[in-house]
Colleague: 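Dropping a structure here in structure tokens format, bear with me for questions.
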Amino acid sequence: MMPVMMSTDKIALVTGYTGESGKALVKELINNNQFKKIILVGRRKIDYTDNKYIEKTEQREIDFDKIDDYAEAFRGADVHFCCLGTTRGKAGVEGFRRVDFDYVVSVARLAKQEDCKHFHLVSSQGANENSFFLYPQVKGQAEAALTKMSFERLSIYRPAVLMVDRVESRPLESVLRTILSYTVQRIAPEWITTPVDILARAMCFNSFIKDRVGVEILDNHAIFRLSEQQSSSKNDQSKATNEL
């Protein structure tokens, strides 16, 4: 049974839009006519050349370490997508905690303060605040903190290994993705891999499903199912347009 969809124009806000999952999400939002504007909040601006990006986005530059000075940057959005994240290898232990917990929680707090109705968080498979391992522990702690904020609707996504050709160099991760793409992803694509375009489609589609409130945690299988529904919905809309 297909979920009931909301057809109103929305304004989205994306933090973490320069990362790989963020870039895939922005592309999906840009191409979705139900979003009339995309607010992009980050530490640096991107010089877009595509007219669709130029016309539909508004970039707001902030300093995450002084985030309370930028509360106005989080105004005006119906739905907020948080794709912030780094790695221990790139940022160190403290840097990882600062981005994946401190920044995430601060962004959510300001979104709540600015009356955000629906907050989306990209977390990770295996997130567990009680884990002995740093990565799932911090991800789980961020989830727990946001859950206590009582958003009207909070959607937490737990993708598996994100499959993407990164711009930045991460040799070991690149080798792992290559191995997975030729083995597990072909045999059982939903087991331990998540292409970023699949995640992006799922998040976009989920924004228009109504009659859901409270906290929802979407594992990798749920992410794939939502993505399939988004594709099916696009095909139905295209067919209806062609028949007019």
Side-chain angles (χ1 to χ4, degrees), residues 10-19 21-23 25-26 29 35 37-45 57-88 90-124 126-131 134-159 199-200 202-204 206-207 209 212-218:
K10 283 181 175 287
I11 296 177
L13 190 151
V14 182
T15 49
Y17 68 96
T18 59
S21 58
K23 286 189 286 190
L25 175 62
V26 172
L29 298 176
F35 283 99
K37 181 179 179 181
I38 318 298
I39 300 169
L40 305 176
V41 175
R43 64 172 73 253
R44 61 185 174 86
K45 293 183 178 181
T57 64
E58 175 189 340
Q59 297 187 64
R60 300 175 181 177
E61 196 171 356
I62 71 168
D63 182 346
F64 284 100
D65 291 317
K66 300 177 181 178
I67 197 168
D68 286 327
D69 295 337
Y70 298 89
E72 70 280 359
F74 296 87
R75 287 181 192 151
D78 304 297
V79 55
H80 188 129
F81 299 92
C82 183
C83 301
L84 287 170
T86 187
T87 65
R88 177 177 178 173
K90 182 179 179 180
V93 173
E94 292 307 313
F96 173 68
R97 286 189 181 276
R98 184 167 62 253
V99 173
D100 283 64
F101 182 81
D102 295 343
Y103 288 0
V104 167
V105 172
S106 295
V107 161
R109 175 172 52 81
L110 288 180
K112 174 70 174 177
Q113 178 181 305
E114 296 302 327
D115 201 31
C116 170
K117 302 299 184 185
H118 189 184
F119 194 94
H120 301 252
L121 173 67
V122 177
S123 184
S124 176
N128 181 353
E129 62 179 321
N130 297 315
S131 174
L134 178 70
Y135 188 85
Q137 180 191 84
V138 172
K139 292 291 188 180
Q141 289 171 346
E143 289 184 7
L146 267 61
T147 297
K148 294 175 183 176
M149 292 185 187
S150 301
F151 281 98
E152 184 174 308
R153 186 177 175 199
L154 172 63
S155 299
I156 297 172
Y157 302 83
R158 291 181 175 175
L199 175 61
M203 295 173 73
C204 181
N206 200 25
S207 301
I209 299 176
R212 288 186 183 177
V213 294
V215 181
E216 59 178 353
I217 296 178
L218 299 125

Colleague: Within the supplied structure, the quantity of interest is the number of heavy atoms (other residues, nucleotides, ligands) at a distance under 6.0 Å from Arg60 CZ; does it exceed 12?
Modeller: yes

Colleague: Of the non-hydrogen atoms in Thr86 and Tyr135, which two are nearest, and what is the gap between them?
Modeller: O-CE1, 4.4 Å

Colleague: Grab the two heavy atoms, one from Ile11 and one from Gly76, that are nearest each other, plus how far apart they are.
Modeller: CG2-O, 3.3 Å

Colleague: Run the salt bridge (charged side-chain N to carboxylate O under 4.0 Å, His left out) test against Asp68 and tell me which residues pass, sequence neighbours left out.
Modeller: Arg109

Colleague: Please report the closest heavy-atom contact between Thr18 and Lys23, naming both atoms and the distance.
Modeller: O-CE, 3.6 Å

Colleague: Can you tell me how far the CG atom of Leu25 sits from the CG atom of Leu199, to the nearest 0.5 Å?
Modeller: 7.5 Å

Colleague: Apply side-chain contact (heavy atoms from CB on, under 4.5 Å) to Thr57 and Tyr17, showing your working.
Modeller: CA-CA 11 Å; Thr57 64; Tyr17 68 96; over 6 Å; no

Colleague: Using 0.5 Å steps for rounding, measure from the CZ atom of Arg153 to the CZ atom of Arg212.
Modeller: 6.0 Å

Colleague: Looking only at atom types and distance, does a side-chain atom of Gln137 sit under 3.5 Å from a main-chain N or O of Ser131, one as donor and one as acceptor?
Modeller: yes

Colleague: How close do Ser123 and Glu143 get, heavy atom to heavy atom, and via which atoms?
Modeller: OG-OE2, 2.6 Å

Colleague: Give the C-alpha distance, both sets of side-chain angles, the deciding distance and a yes or no for salt bridge (Lys or Arg N to Asp or Glu O under 4.0 Å) between Lys139 and Asp100.
Modeller: CA-CA 7 Å; Lys139 292 291 188 180; Asp100 283 64; 2.7 Å; yes

Colleague: Does Ser150 offer a backbone N or O that forms a donor-acceptor pair with the side chain of Lys112 under 3.5 Å?
Modeller: yes

Colleague: OH/Tyr70 to CD/Glu72 distance, rounded to the nearest 0.5 angstrom?
Modeller: 8.5 Å

Colleague: Run the side-chain contact (heavy atoms from CB on, under 4.5 Å) check on Met149 and Leu154 step by step: do they pass?
Modeller: CA-CA 9 Å; Met149 292 185 187; Leu154 172 63; over 6 Å; no

Colleague: Have a look at Ile62 and tell me which of Leu110, Thr15, Val41, Asp69 forms a side-chain contact (heavy atoms from CB on, under 4.5 Å) with it.
Modeller: Val41

Colleague: Does the side chain of Tyr157 reach to within under 4.5 Å of the side chain of Asn206, using non-hydrogen atoms?
Modeller: yes

Colleague: Hey, could you give me the CD1/CG distance between Ile39 and Leu29, rounded to the nearest 0.5 Å?
Modeller: 12.0 Å

Colleague: With sequence neighbours left out, write down each residue that passes ring pair (Phe, Tyr, Trp, His ring centres under 6.0 Å) with Phe151, or none if nothing qualifies.
Modeller: Phe119

Colleague: To check you understand the geometry: which heavy-atom pair defines the closest contact between Ala145 and Phe101, and what is its length?
Modeller: CB-CE1, 4.2 Å

Colleague: Apply side-chain contact (heavy atoms from CB on, under 4.5 Å) to the pair Cys82 and Tyr103, showing each step before the final yes or no.
Modeller: CA-CA 10 Å; Cys82 183; Tyr103 288 0; over 6 Å; no

Colleague: Go through the steps to decide whether Arg97 and Leu134 satisfy the test side-chain contact (heavy atoms from CB on, under 4.5 Å), and finish with yes or no.
Modeller: CA-CA 9 Å; Arg97 286 189 181 276; Leu134 178 70; 3.4 Å; yes

Colleague: Show the numbers, then the answer: is there a side-chain hydrogen bond (donor to acceptor under 3.5 Å, both in side chains) between Ser207 and His118?
Modeller: CA-CA 8 Å; Ser207 301; His118 189 184; 4.9 Å; no

Colleague: Can you tell if the side chain of Leu40 reaches within under 4.5 Å of the side chain of Lys45, non-hydrogen atoms only?
Modeller: no

Colleague: Does the side chain of Asp65 come within less than 4.5 Å of Arg98's, by heavy atoms?
Modeller: yes

Colleague: Check whether any side-chain heavy atom of Leu13 sits under 4.5 Å from a side-chain heavy atom of Arg75, and report yes or no.
Modeller: no

Colleague: Tell me the closest heavy-atom pair linking Glu114 and Phe74, and the distance in Å.
Modeller: CB-O, 3.5 Å

Colleague: Does the side chain of Phe64 come within less than 4.5 Å of Val99's, by heavy atoms?
Modeller: no

Colleague: Could you grab the distance from atom CD1 of Ile217 to atom OG1 of Thr147, nearest 0.5 Å is fine?
Modeller: 6.0 Å

Colleague: Working to the nearest 0.5 angstrom, can you tell me the gap between Ile156 CD1 and Leu121 CG?
Modeller: 6.0 Å

